[in-house]
Colleague: 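Would you mind keeping the following structure in view while I ask a few things?
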Amino acid sequence: MTRAAVLRDTGAPLSIEDVDLAPTGPGQVRVRLRATGVCHSDLSIVRGALRHPMPAVPGHEGAGVVVDVGSDVTTVKPGDHVTLNWTPACGGCFFCARNEPWLCDRAAADALAAPYATSKGEALAPVLGAGAFAEETLVLERAVVRIPKDVPFEIAALVGCAVTTGFGAVVNTAKVRRGDSVVVIGCGGVGLSIVQGARYAGAETIVAVDLSKDKRALAKDLGATDTVDGTEDVEAAVRALTQGRGADHAFEAIGRGATIRTAYRLTRRGGNVVVVGAGRYDDKVEFSALELFFQARSLVGCVYGSADVTRDFPRILSLYASGELDLDRLITGRIPLDDVNEALDAMERGVGARTVVVFAETS
Ligand code: APR
Ligand code: ZN
Ligand code: ZN
């Protein structure tokens, strides 16, 4: 028996329930969570903007301790500290063979097909194969990455989604270079990680756009050279900061058609537009045939920071250890599992950067 926050109906609050995890099968690992970040994708699933099978246990940005492993598990053992990987790549499909594990076409289906948990006799689904809004979870072996024991769990948790997504978008997807100009729309946990990635990459101009004054101030502290209020004329402000041309790179870290459209306009001819936010399937963006040709911009989607997590989690954690990434500042709140609905409400209102659900060491 373990306590978990269960999504039974989109729009309804999560209900805290006692759930029964299945026995740890071959290729599976049982993890006692110590910290789980509240990510906007959880909010989108809970509110129905992103679809997911239900009933389900959300939470996909987690870290904890391995408590049990299945018969053939070789990469971790009980007592190991791990960060969850929400794209547990299969290693064998077309995309995995191309070293693009973030696009693995079996990860989601395999994670949902594995035995997981029941509540009141009803089968539950672990959101994104993680189910981390719970004291314990049962995941595929490939959904955990071992981490050094001196890493704080709350930092390890954020590396499981927001940090890798944002940092990876800059370093892996856009390949920002020293001296480049960058604009980031949306400065939540993901956008602030883009700002830090851009600073790490040596971008000369880093413009952070958000509706919230607090987020803009935090972005400035974490490396933004300039900030713009999202309610103002963002295009004029960015052009004024980029010799009238527009930025080399624009990152959209909200997940809305309107702000993707803005991001496109903020780049120079031949610039790079990166869609990091996960928007609704029915939220449309319009481009004219002429501008797509004439502006010669690249418009790319970025899933999970185009990261190979077995390489990028350790890399990011070592940049944290050396002080090159200030991940502590991303955390603006710590809560018990029972308060997860309030944290989702606050995120919806744009309040706070990252709230982390913190779990006690033992139950
Ligand atoms: N203009 C500028 N900023 C905006 C706007 C807007 N029109 N609308 C929202 N924002 C800001 C909010 O104020 C908030 O700071 O965008 C930020 C979004 O941050 P979070 O809600 O914390 O979301 P985060 O977890 O960072 O995820 C961002 O990435 O992984 C995806 O699904 C995730 O689509 C989501 C995106
Ligand atoms: Zn694969
Ligand atoms: Zn996430």
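Each ligand, and each atom within it, is numbered from 1 in the order the structure gives. Here, residue 1 is the first one in the sequence, and each next residue gets the next number.
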Colleague: Can Glu17 and Arg8 be counted as an ion pair, charged N to O under 4.0 angstrom?
Modeller: yes
Colleague: Compare every heavy atom of Glu342 with every heavy atom of Asp338, then report the nearest pair and how far apart it is.
Modeller: O-OE1, 4.0 Å
Colleague: Students should be able to answer this: which protein heavy-atom is nearest to atom 19 (O) of ligand 1, and at what distance?
Modeller: Gly188 CA, 3.2 Å
Colleague: About how many Å separate CZ of Phe359 and CD of Glu135, when rounded to the nearest 0.5 Å?
Modeller: 7.0 Å
Colleague: Tell me whether Glu100 contacts the main-chain N or O of Cys104 through its side chain, where contact means a donor paired with an acceptor under 3.5 Å.
Modeller: no
Colleague: Tell me: protein heavy atom nearest atom 33 (C) of ligand 1, and distance?
Modeller: Ser41 OG, 3.5 Å
Colleague: Is the shortest N/O to N/O distance between Leu50 and ligand 1 below 3.5 Å?
Modeller: no
Colleague: Angle subtended at the Zn ion (ligand 2) by SG of Cys96 and SG of Cys90, to 10 degrees?
Modeller: 110°
Colleague: Are any of the N or O atoms of Gly189 closer than 3.5 Å to those of ligand 1?
Modeller: yes
Colleague: Is a donor from one side chain sitting under 3.5 angstrom from an acceptor on the other, for Arg297 and Thr267?
Modeller: yes
Colleague: Could you tell me the residue and atom name of the protein heavy atom closest to atom 4 (C) of ligand 1, and the distance to it rounded to 0.1 Å?
Modeller: Ile254 CD1, 3.3 Å
Colleague: Does any N/O atom on Val190 come nearer than 3.5 Å to any N/O atom on ligand 1?
Modeller: yes
Colleague: Should Asp226 and Lys220 be marked as a salt bridge (charged side-chain N to carboxylate O under 4.0 Å, His left out) after you check the CA-CA gap, both sets of side-chain angles, and the distance that decides it?
Modeller: CA-CA 7 Å; Asp226 303 273; Lys220 198 99 194 238; 5.7 Å; no
Colleague: Answer yes or no: is there a donor N or O on one side and an acceptor on the other, between the side chain of Asp18 and the main chain of Arg3, under 3.5 Å?
Modeller: no
Colleague: I'd like to know: is the Zn ion (ligand 3) within the 2.8 Å range of an N/O/S atom from His40, strictly under that distance?
Modeller: no
Colleague: Would you confirm whether Ser181, through its side chain, and Asp248, through its main-chain N or O, come within 3.5 Å as a donor-acceptor pair?
Modeller: yes
Colleague: Identify the closest protein heavy atom to atom 29 (O) of ligand 1: which residue and atom is it, and at what distance?
Modeller: Gly277 CA, 3.6 Å
Colleague: Any idea which part of His40 is under 4.0 Å from ligand 1, heavy-atom wise: side chain, backbone, both or neither?
Modeller: both
Colleague: Based purely on interatomic distance, does Thr259 place a nitrogen or oxygen under 3.5 Å from a nitrogen or oxygen of ligand 1?
Modeller: no
Colleague: Among protein heavy atoms, which lies nearest atom 8 (N) of ligand 1, and at what distance?
Modeller: Leu211 CD1, 3.7 Å
Colleague: If we set the cut-off at 4.0 Å for heavy atoms, which region of Cys187 has an atom near ligand 1: side chain, backbone, both, or neither?
Modeller: backbone
Colleague: Taking distance alone, with no angle check, do Ser212 and ligand 1 share an N/O pair under 3.5 Å?
Modeller: no
Colleague: How wide is the angle at the Zn ion (ligand 3) between SG of Cys39 and SG of Cys161, to the nearest 10°?
Modeller: 130°
Colleague: Taking Arg146's backbone N and O only, do any of them form a donor-acceptor pair with Asp80's side chain (distance below 3.5 Å, no angle check)?
Modeller: no
Colleague: Run through Arg106, Glu141, Arg142 and flag the one making a side-chain contact (heavy atoms from CB on, under 4.5 Å) with Pro88.
Modeller: Arg142
Colleague: Tell me: protein heavy atom nearest atom 13 (O) of ligand 1, and distance?
Modeller: Asp210 OD1, 2.6 Å
Colleague: Find all atoms of ligand 1 within a distance of less than 4.0 Å from any non-hydrogen atom belonging to Arg256, and give their numbers and elements.
Modeller: 7 (N)
Colleague: Please determine if Arg354 has a nitrogen or oxygen closer than 3.5 Å to a nitrogen or oxygen of ligand 1.
Modeller: yes
Colleague: For ligand 1, indicate whether the residue Ala253 contacts it via side chain, backbone, both or neither (heavy-atom separation under 4.0 Å).
Modeller: backbone
Colleague: Judged by atom type as modelled, is there a donor-acceptor pair below 3.5 Å linking the side chain of Glu154 to the main-chain atoms of Val358?
Modeller: no
Colleague: So is there a nitrogen or oxygen of Lys215 less than 3.5 Å from a nitrogen or oxygen in ligand 1?
Modeller: yes
Colleague: Whether the side chain of Thr165 engages the backbone of Cys161 through a donor-acceptor N/O pair (distance < 3.5 Å, no angle test) should be reported.
Modeller: yes
